Novice: 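Below: one structure in structure tokens.
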Amino acid sequence: MEVVALAPGAEEKTAAFAATRHLPFPCLADPRREAYAAYGVEARLSSLGQRPALFAIDRAGIVRYAFVGRQQWQVGDVDEALAALAGKAS
């Protein structure tokens, strides 16, 4: 299993963000928001910019868990995402 974060900024800005937060996983840049668009995660003024999202995608590319928040403080449930990958989703 691999955990990867995705940020909508430029590569340099994303690398700086990840470095200052000492993330234990890679943080990839998506400056054109192509991955965001592919998964229906939009930036909205009402949510103060990019909406937060959490996806658990299995090795076959099947989305097993998807959460897209409406506000910056809404994040998906990591335990639910991991359980979905393990085939134990409720």
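Everything numeric here is computed off the predicted structure, so don't read it as measured data.
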Novice: Mind checking what makes salt bridge (Lys or Arg N to Asp or Glu O under 4.0 Å) contact with Glu12, not counting sequence neighbours?
Specialist: none
Novice: Could you tell me which non-hydrogen atom of Ile57 sits nearest to which non-hydrogen atom of Val63, and how far apart they are?
Specialist: CG1-CG2, 4.1 Å
Novice: What's the shortest heavy-atom distance between Ala29 and Gly9, and which atoms?
Specialist: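 Taking every non-hydrogen atom into account, CB-O, 3.5 Å.
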Novice: Would Val4 and Phe55 show up in the same hydrophobic cluster when neighbours are defined by side-chain heavy atoms closer than 4.5 Å?
Specialist: yes
Novice: Are Leu28 and Tyr36 connected in a single hydrophobic cluster, I mean Ile/Leu/Val/Met/Phe/Trp/Tyr linked by side-chain heavy atoms less than 4.5 Å apart?
Specialist: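 Same cluster: Tyr36 reaches Leu28 through Ile, Leu, Val, Met, Phe, Trp or Tyr contacts under 4.5 Å.
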Novice: If every non-hydrogen atom of Ala7 is compared with every non-hydrogen atom of Cys27, which pair is closest and at what distance?
Specialist: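 Answer, listing the atom of Ala7 first, then Cys27: CB-SG, 4.2 Å.
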Novice: Please check if atom OH in Tyr39 has more than 12 non-hydrogen atoms from other residues, nucleotides or ligands closer than 6.0 Å.
Specialist: no
Novice: What distance do Leu85 atom CG and Arg59 atom CZ have between them, rounded to the nearest 0.5 Å?
Specialist: 10.0 Å
Novice: Ala38: which residues meet the side-chain contact (heavy atoms from CB on, under 4.5 Å) condition with it, sequence neighbours left out?
Specialist: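 Listed in chain order: nothing, the list is empty.
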Novice: Tell me the closest heavy-atom pair linking Ala35 and Asp30, and the distance in Å.
Specialist: N-OD2, 2.8 Å
Novice: Are Leu6 and Phe17 joined in one hydrophobic group, where the rule is that I, L, V, M, F, W and Y side chains link up if heavy atoms are under 4.5 Å apart?
Specialist: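 The answer is no; the residues belong to distinct hydrophobic clusters.
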Novice: What I'd like to find out is whether the side chain of Tyr65 reaches to under 4.5 Å of the side chain of Leu54, using heavy atoms alone.
Specialist: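 Yes. Closest side-chain heavy atoms under 4.5 Å.
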Novice: Do you know which two heavy atoms are closest between Arg64 and Ala84, and how far apart they sit?
Specialist: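 Closest approach of Arg64 to Ala84, heavy atoms only: O-CB, 3.4 Å.
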